[in-house]
Amino acid sequence: MKAIEIRKKYLDYFKRHGHAVIPSAPLIPENDPSVLFTTAGMQPLVPYLLGEKHPEGKRLTDYQKCVRTNDIDEVGDNRHLTYFEMLGNWSLGDYFKDESIAMSFEFLTKELGIPVEKLSVTCFAGDEDCPRDEVAANAWKKAGIPEDHIYYYGKDDNWWIAGEEGPCGPDTEMFYDTGKPACGPDCQPSCDCGKYVEIWNNVFMEYFKDEKGYRKLEQKNVDTGLGLERMTMLLQGKETPFDTELFSPVMDKLKDLQKVDAIESRRIIAEHLRSSMMIIADGGRPSNLDRGYVLRRLIRRMIRHMNKLQIDLNSLKELIDIYVENLGEMYPELVKNKEIIEQVIVEEKDKFVKTLAKGEKEFEKAIGKLEGTKIIPGQVVFRLYDTYGFPPEVTKELAEENGYEIDMNEFNELFKKHQEKSRAGSEQKFKGGLAETTEETIKYHTATHLLNAAIKRVIGKDAHQRGSNITVDRMRFDFNCDHKLTDDEKKQIEDLVNEWIKEGLPVTKEEMKKEDAIKSGAECMFIEKYPDIVTVYTIGDVSKELCGGPHVKNTNELGRFKIKKEESSSSGVRRIKAVLIDE
Ligand code: SER
């Protein structure tokens, strides 16, 4: 069965079982600067898992495009991917364990035709926070899973939470037995010898965790996730996702093009190219920060491996074409954005080629100077990064190819210092985790409220926020407006914001009922996304908005506000890019 058919079967099955099919959210979260990419189907649904009403109802299903970058260095082996598609179904306070398990069982055995004996499942073993999940285990037995194919594990295996805080709960995971021999008498689904492969995860989300501990959510949710690439590989009896039609046309082409043979490099090129194309199609662009930096790393690592296989870099266009042709039906955005995808990748390649030669020379010089050690100091790794745009993992790979190691700890320290100095985000972001709130982003957050208020005064009361995005070095703000702003309008807006900054207006915060907040005239973008009790931030008498914060205490902390650019964002929506300049 092809991936696209599995996706269709999945969505159809859940549609028949009362689920509304919702579209995949973009890979780049629209109004959430705190995360780099969408990493799971549940991510765009958090407000609804916490109790907001979803306009499409209580049963939802979708395919969600995801990027996870924590394991970027592992790509090249037989299973790791940075981009993947997650099929999911949700119950927002509707069905719970029994029905969810019955549907999963039916889908796997009837729709996909997986023999029952190939399946094993795991359930939560229980601890002081949450009891042993006998309910889930019984539901599996009732569905037809034999007792000796049901395993219990603790929080490490059978508990799901995104990060440290948020909605969470025990999960039950389904495993597929590949038929490979057991690695020993204790071989179980939790073992990573390769016999068992996890195929689906149903999270019974009835808890919320914060620094105080666990509390029960008001509604009991189900959140499930099934990795499409992996399922496709298993159903086709393939060893790796790279052997499925999702990658094989590009993998084959690479084999034709290569002059040196290395399967890991072919996988890295095929994987990073697909991932980069998906990110670019959703609006991502290479840069030295955050998401942009992840994209840059993907493209640069891909180029390095093309060089390693001595593949002409001009064949990139051909490889892009192959993906557009083969994945275009699954992802029409690739067809629609083909030109820009090509342009961005080729430009980034050209930039990298220029620095690569210099950087490699520098690298050789540096190792020539090492005496009696095979460890390249973090200093050198940092200089290559800072001056030559070498992502540290590229240096690491270069080092390994030459029989050296790099001092990553020292690099990390230097990198951290550099980040602190330039306020260029956090080390965590660098690793691809959740973004940190920095002093700079907090300032931009407050400036966003001021800009929103200024636009209303200058353009009109009906000009509403349509989106915003903040990084440590700039803010972006989208609002509805039917014309290009005149220079005069831009100046008026800028002057107003700067006037309010100079006035030193206090920023205050209060909690209130949502209805009261709306009655008081507080601004907000997606009212349905907010819980019943909301936080309202007020700035002097110029702005009042529903917002989670955080904000500065007084507008005089912001520095000077400057509009850098005003452009169209989409039809009827204008976009302002602005910066705060330290005075
Ligand atoms: N949130 C769970 C996961 O990512 C199930 O969708 O696996």
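Just follow the structure's listing: the first ligand is 1, and inside any ligand the first atom is 1.
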### Message
Tell me whether Thr240 contacts the main-chain N or O of Arg79 through its side chain, where contact means a donor paired with an acceptor under 3.5 Å.
### Response
no
### Query
Side chains of Arg291 and Pro29: closer than 4.5 Å at any heavy-atom pair?
yes
## Note on the structure
Any heavy atom of Thr224 under 4.0 Å from ligand 1? The part involved is backbone
### Message
Return the closest protein heavy atom for atom 4 (O) of ligand 1 as residue, atom name and distance.
### Response
Trp160 CZ2, 3.1 Å
### Task
Check each atom of ligand 1 against the heavy atoms of Ala40 and keep those under 4.0 Å away; list them by number with element.
4 (O)
### Query
Checking Arg274 against Tyr323: charged group under 6.0 Å from the ring centre and within 45 degrees of the axis?
no
### Message
Would Gly225 count as being in polar contact with ligand 1, using the rule that some N or O on each side must be under 3.5 angstrom apart?
### Response
yes
### Query
Relative to the heavy atoms of Met42, which atoms of ligand 1 are at a distance of less than 4.0 Å?
1 (N)
### Query
Of all the atoms in ligand 1, which lie at a distance below 4.0 Å from a heavy atom belonging to Met86?
4 (O), 6 (O)
## Note on the structure
The protein heavy atom nearest to atom 7 (O) of ligand 1 is Asn201 ND2, 3.1 Å
### Query
Strictly by modelled atom types, are Trp160 and Asp171 linked by a side-chain donor-acceptor pair under 3.5 Å?
no
### Task
Can you pull out the closest protein heavy atom to atom 1 (N) of ligand 1? Residue, atom name and distance to 0.1 Å, please.
Asp223 OD2, 2.7 Å
### Message
Would you call the rings of Phe107 and Tyr10 parallel, tilted or perpendicular, taking 30° and 60° as the class edges?
### Response
perpendicular
### Task
Return the orientation label for the Tyr196 and Phe175 ring planes: parallel under 30°, perpendicular over 60°, tilted otherwise.
perpendicular
### Query
Using 30° and 60° as the class limits, which term best fits the ring planes of Phe415 and Tyr385: parallel, tilted or perpendicular?
perpendicular
### Query
For ligand 1, which atoms, with element, lie under 4.0 Å from some heavy atom of Arg68?
4 (O)
